[in-house]
Amino acid sequence: FKKGRRSGANALMLRYTPIAEPTVMEKFLLQGQKKHLCTKEFSHPIPWQKIEAEGLDCDYAMLFPKGEADDLFSQLEEEVVYSTGEESKVQVFGKMYNIPRKQAAYGDKGLEYTYSGVTRLACSWTPTLEYIRDSVTTATGQTFNFVLINRYKDGQDHMGEHRDDEHELDPSCPIASVSLGAARDFVFRHRDARGKHSSRHIEPVKLELAHGSLLLMNPPTNTFWYHSVPVRRKVLSSRINLTFRRITEKTRWSQ
DNA sequence: TATCGATCATTCGT
DNA sequence: CACGAATGATCGAT
């Protein structure tokens, strides 16, 4: 790992870029430094939790205290416009289905993204989304040009196992997942440990994503591990999840 | 990355 | 506590 430049907003903020497998000592130093990152100037440090497995590298922290998370949740409930009609359907094994949740996509002006084979323009950032995006940037040192929003109205809404589309994403950029509202289970499964007779036995990694939390999925996590938000019948209230990404620039303004 | 039916697991009720 | 039933979670086929 390479220590990066300081940020003007926060002298304690460090950037890090994975350039090789870190040594044990480097991992230790990195964790210590990340614990001093702040959500805003002169704020308290965030305690980070490291989640690691073979080819999996995540960082988990509470980004927003409950009161602020409550406010952000209700603001997003007012502001966010979700896809409807054809845009909220998906084709799997030849059949069309309504996706079992609501989705929206926001990003830099003119940014295009592809979902289930169709390319569309992202909506432009709202002030609330910019605030959350900038909070994630301050906490992580990573910048993002796009956010995919998924709204799960209750425990019946879910998302099946998948990896995020790699060729449209910058593979060196972590994916930052912010959760607001009802806590939901989140399950990682290694690609070699799925299916009828999988080549290896690797235990799934299961997390609960809390109200106001941030989960950073660092490379190469998305290469080796599928993730899902399974059905949980006992969950009765809604959750909004925002996954901030960096989409490759070549798709911009492509008429 | 969707649904469905089969199967496995957990909780419930007596 | 034991045991079967009911409910819920997971898996494989499509």
Could you check how far NE2 of A:His201 sits from P of C:dC11, rounded to whole Å? 11 Å
For A:Lys89 and B:dT3, what is the distance between atoms NZ and P respectively, to the nearest whole Å? 12 Å
Under 3.5 Å, side chain of A:Thr248 to main-chain N/O of A:Leu169, donor-acceptor pair present? no
For A:Arg163 and A:Thr223, indicate whether the former's side chain and the latter's backbone hold a donor-acceptor pair under 3.5 Å.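 Side chain of A:Arg163 to backbone of A:Thr223: a pair is present.
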Under 4.0 angstrom, heavy atoms only, what part of the nucleic acid is [X] near: base, sugar-phosphate, or nothing?
X: A:Gly195; result: sugar-phosphate
X: A:Arg232; result: sugar-phosphate
X: A:Met159; result: sugar-phosphate

Run the salt bridge (Lys or Arg N to Asp or Glu O under 4.0 Å) test on A:Glu161 and A:Arg194 for me, step by step, so that the C-alpha distance in whole Å, both residues' side-chain angles and the decisive distance to 0.1 Å come before the verdict. CA-CA 10 Å; A:Glu161 208 169 61; A:Arg194 302 166 0 113; 2.4 Å; yes
Between the side chains of A:Arg245 and A:Glu168, is the shortest nitrogen-to-carboxylate-oxygen separation below 4.0 Å, so that they form an ion pair? no
N-O pairing of A:Arg184 and A:Glu208 below 4.0 Å: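 Judged by the 4.0 Å cut-off on N to carboxylate O distance, A:Arg184 and A:Glu208 do not form a salt bridge.
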Can you check salt bridge (Lys or Arg N to Asp or Glu O under 4.0 Å) on A:Asp57 and A:Lys50, steps first, answer last? CA-CA 8 Å; A:Asp57 176 7; A:Lys50 194 54 146 171; 2.6 Å; yes
So if I take every side-chain heavy atom of A:Ile99 and compare against C:dG8, B:dA2, C:dT10, which nucleotide ends up nearest? B:dA2
Choosing from C:dT10, C:dC11, B:dT3, which nucleotide comes nearest the side chain of A:His158?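 Ranking C:dT10, C:dC11, B:dT3 by closest atom to the A:His158 side chain puts B:dT3 first.
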Using a cut-off of strictly less than 4.0 Å, decide whether [X] has a side-chain nitrogen or oxygen near OP1 or OP2 of [N].
X: A:Lys206; N: C:dT10; answer: yes
X: A:Arg194; N: C:dG12; answer: no
X: A:Arg233; N: C:dA9; answer: yes
X: A:Arg189; N: C:dC11; answer: yes

Apply side-chain contact (heavy atoms from CB on, under 4.5 Å) to A:Ile202 and A:Trp225, showing your working. CA-CA 11 Å; A:Ile202 304 172; A:Trp225 293 76; 3.8 Å; yes
Which atoms of nucleotides 5-13 of chain B (N or O only) lie under 3.5 Å from a protein N or O atom, and what are those distances?
none

